[in-house]
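Below is one structure; the comments refer to it alone.
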Protein chains: 2
Amino acid sequence: MFRDGSGRTLADYPRPSVAVDTALLTLDRSLGLVVLEVRRPTGRGWALPGTFLHEHERLADAVNRSLWDKAHIRGLRPRQLQVFDAPGRDDRGWVLSVAHIQVVHASRLEDRFHDSTRLVPVTQPGRLPFDHAEIAKSAVHNIRSRYSDEPDPDHLLGDSFTLRELRLAHEAVMGRELQRDTFRRTMEPRLVATGETTAGGRGRPAEVFRRAAAES
Amino acid sequence: MFRDGSGRTLADYPRPSVAVDTALLTLDRSLGLVVLEVRRPTGRGWALPGTFLHEHERLADAVNRSLWDKAHIRGLRPRQLQVFDAPGRDDRGWVLSVAHIQVVHASRLEDRFHDSTRLVPVTQPGRLPFDHAEIAKSAVHNIRSRYSDEPDPDHLLGDSFTLRELRLAHEAVMGRELQRDTFRRTMEPRLVATGETTAGGRGRPAEVFRRAAAES
DNA sequence: TGAATAGTGTCTTTGAGACACTATAGG
DNA sequence: CCTATAGTGTCTCAAAGACACTATTCA
């Protein structure tokens with residue numbers, strides 16, 4: 001057993017429980033930017049999906065495990081937001097929570113889980129336990145910051161899309177309308193034209209673009 | 001004892017040790033932007049100051065405790081950077097580390113600790129154990145981001161200062177020269193003039209400013 | 001007076017915002 | 001033709017960068 005400078009082993013120190021909680025964001029066609037909530041296992045109401053960290057498990061793996069268990073979504077790459085450590089934040093004991101954000105395409109949410117999950121517009125937050133309201137707020141800030149830099153860093157759209165689709169996605173993320181012409185001039189240099197155009201819609205067909213390789 | 005949804009108590013789950021590690025940055029008159037390193041208690045070499053979280057202790061309090069123990073600095077407000085959770089990152093066992101940044105005025109570093117501490121320019125990083133090199137790099141990115149927004153959010157300077165002093169601080173933080181005139185025009189609206197001027201130096205006396213109340 | 005530093009005028013460039021125009025489709 | 005959407009020209013405005021000028025002090 002390895003020892004620290006004081007000569008005691010790590011086992012001599014009390015250790016906190018560590019949880020992960022995740023704000024999973026997606027774009028709903030009608031609701032706009034939404035956050036996934038799941039039924040709380042104990043008691044009533046809804047909460048962000050979370051779980052306790054298992055032994056030697058990585059935080060990202062714990063997030064993936066909780067999202068798989070509670071909404072059957074997998075293969076994600078959550079990003080850390082911050083650690084919540086307020087004493088008394090969890091009445092079950094000494095629990096730290098590492099908040100995460102994960103953004104997914106709406107198609108990855110399976111319909112058959114709609115009894116135990118729901119999507120709530122970020123503009124109308126409900127009442128959430130623990131620090132979950134703060135986590136959701138932080139996640140919204142985070143995704144807005146990311147989308148002000150790049151066209152579609154979190155793949156809210158498919159592989160190809162028109163500038164109209166991209167702009168509508170940005171408007172949903174940002175929560176406000178964006179100017180059509182300025183948006184195009186900002187984004188077009190960061191996209192790759194496919195040479196294809198849309199057909200069948202109203203009005204002039206639109207060019208179809210892909211994400212630049214750097215964004216992939 | 002409270003129980004979770006599975007009916008087991010929290011005590012049934014293994015828990016990780018949680019450490020805090022801190023990149024303490026300051027401005028050295030001759031070295032520029034520097035990070036504080038401390039002698040490692042076990043073995044040789046240097047590391048960022050850190051400690052294990054005590055029972056029911058807040059992360060910020062653990063940071064303050066480690067900085068008081070190792071460099072006799074206190075009363076600080078560290079900010080979280082990120083959690084490091086790679087398996088095997090610490091050969092003493094299952095240890096998560098919550099990295100922090102803290103920026104202080106150089107005058108708060110006590111000279112009598114210079115045997116067990118040293119200040120290393122961020123431009124010439126040494127070899128650091130664990131994830132400490134990454135923490136230091138993240139801290140530099142963090143302070144640069146903060147100082148691109150505001151005059152002196154971390155109080156690297158005293159209560160009052162000239163625009164020259166402020167610019168030299170920014171140049172040290174940013175690691176590059178800044179334009180004198182553009183810098184003034186950017187910063188002056190965010191400062192409060194005291195009406196005083198410097199005396200005794202070479203050249204025309206400079207106006208003395210204070211931080212705006214919002215920054216305080 | 002000359003060197004050194006403080007502070008400002010102003011020209012250029014750049015990018016966002018705003019408006020209006022042209023282009024191309026369906027009905 | 002009309003309507004709807006795509007794409008572009010161009011004017012304005014604000015801010016940063018760059019250069020040069022004036023202002024005030026000490027030696």
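For clarity, every value in this text was computed on a predicted model and none was experimentally measured. Computed from heavy atoms alone, side chains included, the values below leave out hydrogens, waters and symmetry copies. Residue numbering restarts at 1 for every chain, and letters A, B, ... go by the order of the sequence lines.
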Nearest-Å distance for atom pair [atom1]/[atom2], residues [X] and [N]:
X      : N      : atom1 : atom2 : value
A/E188 : C/dA16 : CD    : C1'   : 17 Å
A/R204 : C/dC21 : CZ    : C1'   : 12 Å
B/F209 : C/dA6  : CZ    : C1'   : 10 Å
A/F183 : D/dG7  : CZ    : P     : 12 Å
B/M187 : C/dT8  : CE    : P     : 16 Å
B/E207 : C/dA6  : CD    : C1'   : 9 Å
A/L163 : D/dA6  : CG    : C1'   : 9 Å
A/R180 : D/dT8  : CZ    : C1'   : 10 Å

Legend entry - Shortest non-hydrogen separation from A/P16 to B/L53 and the atoms involved: CG-CD2, 4.4 Å

Inset, instruction - Please work out whether the ring planes of A/W68 and A/H72 are parallel, tilted or perpendicular, with thresholds of 30° and 60°. - result: parallel

Inset, instruction - May I ask you to decide if the ring planes of A/F183 and A/H170 are parallel, tilted or perpendicular, using 30° and 60° as cut-offs? - result: perpendicular

Legend entry - side-chain N/O A/R184 vs D/dG7 OP1/OP2, d < 4.0 Å: yes

Legend entry - D/dA18 OP1/OP2 closer than 4.0 Å to side-chain N/O of B/Q179: yes

Inset, instruction - Could you check whether A/R164 gets within reach of a base, just the sugar-phosphate, or nothing at all, counting any heavy atom under 4.0 Å? - result: sugar-phosphate

Inset, instruction - Scan B/G200 against the nucleic acid and name what it touches under 4.0 Å (heavy atoms): base, sugar-phosphate only, or nothing. - result: nothing

Legend entry - Any donor-acceptor pair under 3.5 Å from A/R211 side chain to A/G158 backbone: yes

Inset, instruction - Inspect the surroundings of CG in A/D159 and state if more than 12 heavy atoms from other residues, nucleotides or ligands are less than 6.0 Å away. - result: no

Legend entry - Contact nearer the 5' end of DNA chain C, comparing B/V208 with B/G203: B/G203

Inset, instruction - Choose from C/dT24, C/dA6, D/dG17 the nucleotide whose nearest atom is closest to any side-chain atom of A/P205. - result: C/dT24

Inset, instruction - Classify the side chain of B/R185 and the base of C/dG7 as holding, or not holding, a donor-acceptor pair under 3.5 Å. - result: no

